[in-house]
K.L.:
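My structure is below; once you've seen it, I'll send some questions.
Reckoned from all heavy atoms, side chains included, excluding hydrogens, waters and symmetry mates.
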Amino acid sequence: MTRPVPARRLSPLRLLGGLAAAFVLVQLVPYGRAHTNPPVQVRPAWVDPDTQALFTRACADCHSNETQWPWYSNVAPVSWLVQRHVQEGRQKFNVNVPGFGRDADEAAGQVRRGKMPEPTYLPLHPEARLTDAERQQLIQGLAATFGDEEREGRR
């Protein structure tokens, strides 16, 4: 009669070594570290300086060509998420390109519905957290500066 061979358990040290090796390997993926800011082509005529300041604080990293790239935007896999968010944000609404992007008139509505700033952005950017009064001020300022599809009945 043969004895059953006990299953080999993966030691914590081997598991940690494997995770460290995987982390090093994903750094070789060439996506997510092309941190260039295209030239600023236009600047909006902000309705007031407070709207501009709130936008800069809570929105500009993804919706302008003046992104501040934090250190962790160079470390995969976080760099992949940051790069994707900035690319998508600039495609939809970018205050530094003519026409401001295809969804410029949706900016106020996105803030109104609590979809912006993105919840994934807030933990590492506490300055982007808006009080209720700041949120209302930003919504009004965005609507006055770029239009508001919800209020204009286009939604």
K.L.:
Can you give me every donor-acceptor pair (side chain of residues 96-104, partner residue at least two apart or in another chain, under 3.5 Å) with its distance?
P.N.:
unit_1 : atom_1 : unit_2 : atom_2 : d
N96    : OD1    : N65    : N      : 2.8
N96    : ND2    : V42    : O      : 3.1

K.L.:
I'd like to know whether Q52 forms a side chain to side chain contact (heavy atoms under 4.5 Å, CB included) with R43, so could you lay out the CA-CA distance, the side-chain angles of the two residues, the decisive distance to 0.1 Å, and finally the verdict.
P.N.:
CA-CA 11 Å; Q52 181 179 7; R43 292 197 186 277; over 6 Å; no

K.L.:
Rounded to the nearest 0.5 Å, how far apart are CE of M116 and NZ of K92?
P.N.:
6.5 Å

K.L.:
Evaluate the side-chain proximity of T67 to H35: yes if any heavy-atom separation is below 4.5 Å, no if none is.
P.N.:
no

K.L.:
To the nearest 0.5 Å, what is the distance between OG (S73) and CG (L81)?
P.N.:
11.5 Å

K.L.:
Over all heavy atoms of both residues, which pair between P117 and A128 is shortest? Give the atoms and the distance, please.
P.N.:
CG-O, 3.7 Å

K.L.:
Begin from the C-alpha positions of N37 and R90 and carry the test side chain to side chain contact (heavy atoms under 4.5 Å, CB included) through to its verdict.
P.N.:
CA-CA 11 Å; N37 285 329; R90 286 177 177 169; 2.7 Å; yes

K.L.:
Taking only residues two or more places apart in sequence or in another chain, which ones pass side chain to side chain donor-acceptor pair (under 3.5 Å) with R135?
P.N.:
none

K.L.:
Quick one: closest heavy-atom pair of A143 and A108, and the distance?
P.N.:
N-CB, 3.8 Å

K.L.:
Tell me, please, which residues at least two apart from P12 pass side chain to side chain contact (heavy atoms under 4.5 Å, CB included).
P.N.:
none

K.L.:
Could you please spell out the steps behind the side chain to side chain contact (heavy atoms under 4.5 Å, CB included) verdict for V95 and C59?
P.N.:
CA-CA 10 Å; V95 299; C59 314; over 6 Å; no

K.L.:
Do any pairs count as a salt bridge (Lys or Arg N to Asp or Glu O under 4.0 Å) and have a residue in residues 46-60, sequence neighbours left out, and if so which ones?
P.N.:
R57-E134

K.L.:
Give a yes or no on whether E66 atom CD has more than 12 heavy-atom contacts from other residues, nucleotides or ligands under 6.0 Å away.
P.N.:
yes

K.L.:
When clusters are formed by joining ILVMFWY residues with side-chain heavy atoms under 4.5 Å apart, either directly or through shared neighbours, do V78 and V86 land in the same one?
P.N.:
yes

K.L.:
Please verify the inter-ring angle class for F55 with W46; under 30° counts as parallel, over 60° as perpendicular, anything in between as tilted.
P.N.:
tilted

K.L.:
Can you find a heavy atom in the side chain of R112 that is under 4.5 Å from one in the side chain of D148?
P.N.:
yes

K.L.:
Indicate the atoms forming the closest heavy-atom contact of A45 with T145, along with that distance.
P.N.:
O-CG2, 3.8 Å

K.L.:
Taking V82 as the starting point, is it possible to reach V75 by hopping between hydrophobic residues whose side chains are less than 4.5 Å apart?
P.N.:
yes

K.L.:
Quick one: side chains of residues 119-127, donor-acceptor pairs under 3.5 Å with protein atoms, not counting sequence neighbours, listed by atom name and distance.
P.N.:
unit_1 : atom_1 : unit_2 : atom_2 : d
T120   : OG1    : E118   : OE1    : 3.4
Y121   : OH     : D61    : OD2    : 2.7
H125   : ND1    : E127   : OE2    : 3.4
H125   : NE2    : Y72    : OH     : 2.6

K.L.:
Just to verify, what does H85 make a ring pair (Phe, Tyr, Trp, His ring centres under 6.0 Å) with, not counting sequence neighbours?
P.N.:
none

K.L.:
Which distance, rounded to the nearest 0.5 Å, do you find between the CD of Q110 and the NE2 of H63?
P.N.:
8.0 Å

K.L.:
Hey, is CG on L13 packed in by over 12 heavy atoms from elsewhere, all under 6.0 Å?
P.N.:
no

K.L.:
I'd like to know if E88 pairs up with R84 as an ion pair, taking the criterion as any Lys NZ or Arg NE/NH1/NH2 lying under 4.0 Å from an Asp or Glu carboxylate oxygen.
P.N.:
yes

